[in-house]
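The next block holds one structure in the form of structure tokens; read it before the comments.
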Amino acid sequence: MSGLVSVIMPSYNTGRFIAESIRSVMAQTYSDWELIIVDDCSTDDTMNVIQSVISAVPSSVVLRSEAKDFASRIRVLQNATNSGAAVSRNRALREARGKYIAFLDSDDLWAPDKLEKQIRFMEENGYDFTYTKYSEIDEDGSALGVTVGGPAHIGKTGMYNYCWPGCLTVMYNREVVGDIQIADIKKNNDYAMWLKIIRKAKCHLLPEVLASYRKRRGSISNHSYMALIKWHYKLYREAEGMNPVSSLWITVRNLFFGVMKKFLYVGRS
């Protein structure tokens, strides 16, 4: 396996969680990675926490040169004004140097072998756009007994039907897909990215739980159906440039497949 992985991590007021998220990248068994953090004018101690994690030597590191190597692979950028996750992700993507692009929000976690297994899966099968299963945890990091997956293979129609991949699990080959920039929408901006990528490569599921999604108060999955309808309609109408009728029709389809996902691809224990 070979190829630098650029890990995209937007942050905003996640001082309580971001240290654990960064450490889950530093703990990867696949070592050829860079982490690009774009802070969106956090008003809590996020920046202090980031700096303290970068300056601390991981327990697995013995040599001083190795500690410097860890620090050099983490780049921290700050937006001049609070601009939202889409702008932060776009900025990080412009800075990325990797063959592969992966995403981890600043409150979520990866299993230590996530990158290694996913790159092997992609290279052995010739895939350029993949995702994995993930589990849900609460704000304190306790397991909620929920595992989320999706279809084994997703084409363009399937991706428009629903946003199957969890952002924290996605990886794509930038050499094939190219450089991606998305519209400045406040919600569903990760979905807007998948809709661009799916035009270049089909998406394939690695059916292993390799990440943990922190379900926090205020997350999109906790909002009302009316709010979800509004955000999905804006995605298709504004980011995709569809006419009102098409935008409404795909929004209805999305709601249908969202219900179907709960029966087919969400496991509870």
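Just so you know, these numbers come straight off a predicted model, no measurement behind them.
- Within the 4.5 Å cutoff, the side chain of Y213 has no heavy atoms near those of the V146 side chain.
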Derivation and outcome, side chain to side chain contact (heavy atoms under 4.5 Å, CB included), residues T132 and M171: CA-CA 9 Å; T132 79; M171 184 186 295; over 6 Å; no

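- Looking at T251, its side chain does come within 3.5 Å of a backbone N or O of S247 through a donor-acceptor pair.
- Taking all atoms of both residues into account, the shortest heavy-atom contact from N173 to M122 is N-CE, 4.1 Å.
- Residues D105 and R89 form a side-chain contact, since some pair of their non-hydrogen atoms from C-beta on lies under 4.5 Å apart.
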Salt bridge (Lys or Arg N to Asp or Glu O under 4.0 Å) evaluation trace for R214 with E136: CA-CA 6 Å; R214 197 181 302 271; E136 293 184 355; over 6 Å; no

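- A side-chain donor-acceptor contact under 3.5 Å links Y191 to the backbone of Y160.
- With values rounded to the nearest 0.5 angstrom, I154 atom CD1 is found 8.5 Å from C163 atom SG.
- Contact check for F257 versus W164: side-chain heavy atoms found under the 4.5 Å cut-off.
- There is no path of hydrophobic side-chain contacts, each under 4.5 Å, that joins L109 to L35.
- Here the side chains of C203 and I198 are in contact, with some heavy-atom distance below 4.5 Å.
- Remark: side-chain polar atoms of Y162 are not paired, donor with acceptor, to backbone N or O of R253 under 3.5 angstrom.
- With D39 contributing its side chain and Q78 its backbone, the two residues share no donor-acceptor pair below 3.5 Å.
- Other residues, nucleotides and ligands contribute only 12 or fewer heavy atoms inside 6.0 Å of the CZ atom of R268.
- Checking side-chain atoms of N243 against main-chain N and O of S246 turns up a donor-acceptor pair under 3.5 Å.
- A donor-acceptor pair is defined here as one N or O able to donate and one able to accept, closer than 3.5 Å; such a pair exists between the side chain of S24 and the backbone of S21.
- You'll find the side chain of I22 reaches within 4.5 Å of the side chain of M9, heavy atoms only.
- Within 6.0 Å of NZ in K261 there are more than 12 heavy atoms belonging to other residues, nucleotides or ligands.
- Of the candidates Q118, H204, K202, Q118 is the only one forming a side-chain hydrogen bond (donor to acceptor under 3.5 Å, both in side chains) with T130.
- Scanning both residues, T81 and C41, for their nearest heavy atoms gives C-SG, 3.3 Å.
- Of the candidates W194, Y134, Y131, F103 forms a ring-ring contact (aromatic ring centres under 6.0 Å, His included) with just one, namely W194.
- Within the 4.5 Å cutoff, side-chain heavy atoms of L104 are placed close to those of V25.
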Walk me through it: do M242 and Y233 pass the test side chain to side chain contact (heavy atoms under 4.5 Å, CB included)? CA-CA 10 Å; M242 294 182 171; Y233 179 83; over 6 Å; no

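- For the 3.5 Å distance criterion, the side chains of Q181 and R94 qualify, holding a donor opposite an acceptor.
- A donor-acceptor contact closer than 3.5 angstrom is absent between the side chains of S11 and S106.
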V7/W110 under side chain to side chain contact (heavy atoms under 4.5 Å, CB included): CA gap, chis, key distance, verdict: CA-CA 11 Å; V7 183; W110 281 346; 3.6 Å; yes

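- Taking each heavy atom of V49 and A19 in turn, the nearest pair found is CG1-CB, 3.7 Å.
- Look at D107 and K215 and you find no salt bridge, because none of the NZ, NE, NH1 or NH2 atoms lies under 4.0 Å from a carboxylate O.
- The aromatic rings of F129 and Y172 stand perpendicular to each other, their planes meeting at an angle above 60°, with 30° marking the opposite boundary.
- In this structure, CG in N125 is found 11.5 Å from CZ in R120, a value given to the nearest 0.5 Å.
- The side-chain hydrogen bond (donor to acceptor under 3.5 Å, both in side chains) test with D40 singles out one residue from T46, N79, N13, and that residue is N79.
- One distance of note links CG of N189 with CG of L235; it measures 9.5 Å at 0.5 Å rounding.
- Tracing side-chain contacts under 4.5 Å through hydrophobic residues (I, L, V, M, F, W, Y), one reaches F256 starting from L264; they form part of the same cluster.
- Between R97 and E34 a salt bridge is recorded (basic side-chain N to carboxylate O distance below 4.0 Å).
- Panel note: side chain D138, backbone G141; a donor-acceptor pair is recorded below 3.5 Å.
- In terms of heavy atoms, A102 sits closest to V5 at CB-CG1, 4.0 Å.
- By the rule that hydrophobic residues join a cluster once side-chain heavy atoms approach within less than 4.5 Å of another member, L4 and L93 end up as members of separate clusters.
- Considering V148, L210, L144, V209 in turn, V209 is the only one that fulfils the side-chain contact (heavy atoms from CB on, under 4.5 Å) rule with S135.
- The closest side-chain heavy-atom distance from I50 to I18 is below 4.5 Å.
- Linking ILVMFWY side-chain heavy atoms closer than 4.5 Å, directly or via other members, places I54 and F17 in two distinct hydrophobic clusters.
- Note that CD of Q28 and CZ of R23 are 15.0 Å apart. Values are rounded to the nearest 0.5 Å.
- One finds the CG atom of N188 at 8.0 Å from the CG atom of N254 (value rounded to the nearest 0.5 Å).
- Contact detail for P10 and S88: the closest heavy-atom pair is CB-CB, 3.9 Å.
- A salt bridge links D179 with R174: the closest approach of a Lys/Arg side-chain nitrogen to an acidic carboxylate oxygen falls below 4.0 angstrom.
- Put simply, the side chain of I36 does not reach to within 4.5 Å of the side chain of R91, judged on heavy atoms.
- From K114, atom NZ reaches atom CG of L206 across 9.0 Å, with rounding to the nearest 0.5 Å.
- If you chain together hydrophobic residues whose side chains sit under 4.5 Å apart, M47 and I74 fall into the same group.
- Between E95 and R75 there is a salt bridge, since at least one side-chain N of the basic residue sits less than 4.0 Å from a carboxylate O of the acidic one.
- In this model, a donor atom of one side chain and an acceptor atom of the other lie less than 3.5 Å apart for T29 and E116.
- Across every non-hydrogen atom of P207 and L205, the tightest pair is CD-O, 3.3 Å.
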